[in-house]
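For reference, the structure is listed below as structure tokens.
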Amino acid sequence: MPDATNSPLTSAESLFFEQGGLDRARAETLIKEGLSGADDGELFLEYCQSESLVFDDGRLKSANFDTNQGFGLRAVADEAQGYAHAADLSESALKRAVATISAVKAGHSGTMAEPPKATNQSLYVADNPLNAIPFEQKTALLTQIDAYTRAKDPRVKQVSCSLAGSWQAVAIMRADGRLMQDIRPLVRLNVSVVMQDGERRETGSDGGGGRIGFDAVMEEAYWQTRADEAIRRGAVNLDSIDAPAGEMTVVLGSGWPGILFHEAVGHGLEGDLTRKGASVFSTLIGQQVAAPGVTVVDDGTINDRRGSLTIDDEGTPTERTVLIEDGVLKGFMHDRLSARLTGAQPTGNGRRQSYAHQPIPRMTNTYMLNGKEDPGAILESVKSGIYATSFGGGQVETASGKFVFSCTEAYMIENGKLGAPVKGATLIGNGADTLKRISMIGNDMALDTGIGVCGKQGQGVPVGVGQPTLRLDGITVGGTG
């Protein structure tokens, strides 16, 4: 396989067929043979380079560079799927894969589903961002972040920062020989601190990135913002008090708090779960499922966002899908399988972690649209409650929508004003019920800074979330006080 770092590439096709080990004509013949009689299927080709550097406690702790390549071949008969994958991009490996997937078609005679519609959109250029900045410059950046962060606040006792990037080229071949392709860069910068005041030690962290190059996160204004935010959060935690418990009004800040609805609501709108009746929303299309004014979309077409793709991992162009409009459930997110079995159209949400995984319905960038309220007025409307601006881990039961989420930054609200920061607050509720408890929607919708990773069925993919400031009435808060 050629080294993508040293060869200019104009397309994924050139990487796999012109410079790689596969003959396109032979691959077309084998795929046509392997998918004959199936209802759907594709050959997914992937080449991915990734790099990560971790700077911890004043030194470069680890540096890794990996290259992975391979293919996945899938045949679909009704709702059964046969899947074979290999890291060997060769005709012999492809032949073995064709023989493996043939079992799923035994006794089945299907008509190949219509292929994805074409797109002339390409969100990202072919240039590999891993090559744009020398390794020495990346390590110098992490050293600089470490020194800057320690000098910024004497309470900072430990700094950990990391820089990670990847460059992925994919090509998807269908039974008719049609080839779709995409180039996907991804970069992320993280900064975390341990701060101490007297005997008390607390942590703070921040990060950001997207489908951009390293040059963007290496801008001084960018990385200093991440470091400053990590310090600010650590200082807030040093002043925090135990969170109260009980049912109360909760105000969610804009941006990253959208992760709560991503988990508690978004997964329940994915087509595999809805068609199997494993979601509380399965039979509610056309019904009021949220408060008036609540509109939620999934949009994989936004430039530079973590969840954005030119095409999904089945070759379907991504799109802006309205899920909930003015509180009414309008639709679900579909891959080709769930769309075919339910009579819907694919929405460009068929995603997979790598060539070794089958595609399943997944979110891209999922967010709630703006309302009309001023965020300050929302805060002033609350006599007593909690203001949450950041979340960490959580647990969600998709079938019922029940969730528990931990707040990593939250404050008391007292007579319409922010009070003391609190630690140990958790939000407990039901996603469908919470949607109806939204009483005020801000006009400050923001997307997250580019840190989201979503897990489902053992697969992790990058995603984006977002929302405006929201007021939720009667939410159960678990606390430590």
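Comment: Asp182 engages Arg184 in a salt bridge, judged by a side-chain N to carboxylate O separation of less than 4.0 angstrom. For Lys138 and Glu51, the salt-bridge test passes: some basic side-chain N is under 4.0 Å from an acidic carboxylate O. Under the 4.0 Å criterion applied to side-chain N and carboxylate O atoms, Asp313 and Arg351 are not assigned as salt-bridge partners. Salt-bridge check for Arg352 with Glu42: passed, with a basic side-chain N closer than 4.0 Å to an acidic carboxylate O. Ion pairing between a basic and an acidic side chain is recognised when a charged N comes within 4.0 Å of a carboxylate O; Asp272 and Lys456 show such pairing. Salt bridge absent: Glu79 and Arg340 never bring a charged side-chain N and a carboxylate O closer than 4.0 Å.
Without hydrogens or angle criteria, Thr449 side chain to Gly207 main chain gives a donor-acceptor distance under 3.5 Å. Judged purely by atom type and a 3.5 angstrom limit, Tyr222 uses its side chain to pair as donor or acceptor with the backbone of Gly209. No donor-acceptor pair closer than 3.5 Å links the side chain of Asp146 to the backbone N or O of Cys161. Under the 3.5 Å distance criterion, the side-chain polar atoms of Asp78 are left unmatched by any main-chain donor or acceptor of Ala80.
Under the 6.0 Å cut-off for aromatic ring centres, His267 and His262 qualify, their centroids lying closer than that.
Side-chain contact of Asn365 with Ser308: a donor-acceptor pair under 3.5 Å is present, judged by distance alone. There is no side-chain donor-acceptor pair under 3.5 Å between Glu46 and Gln69.
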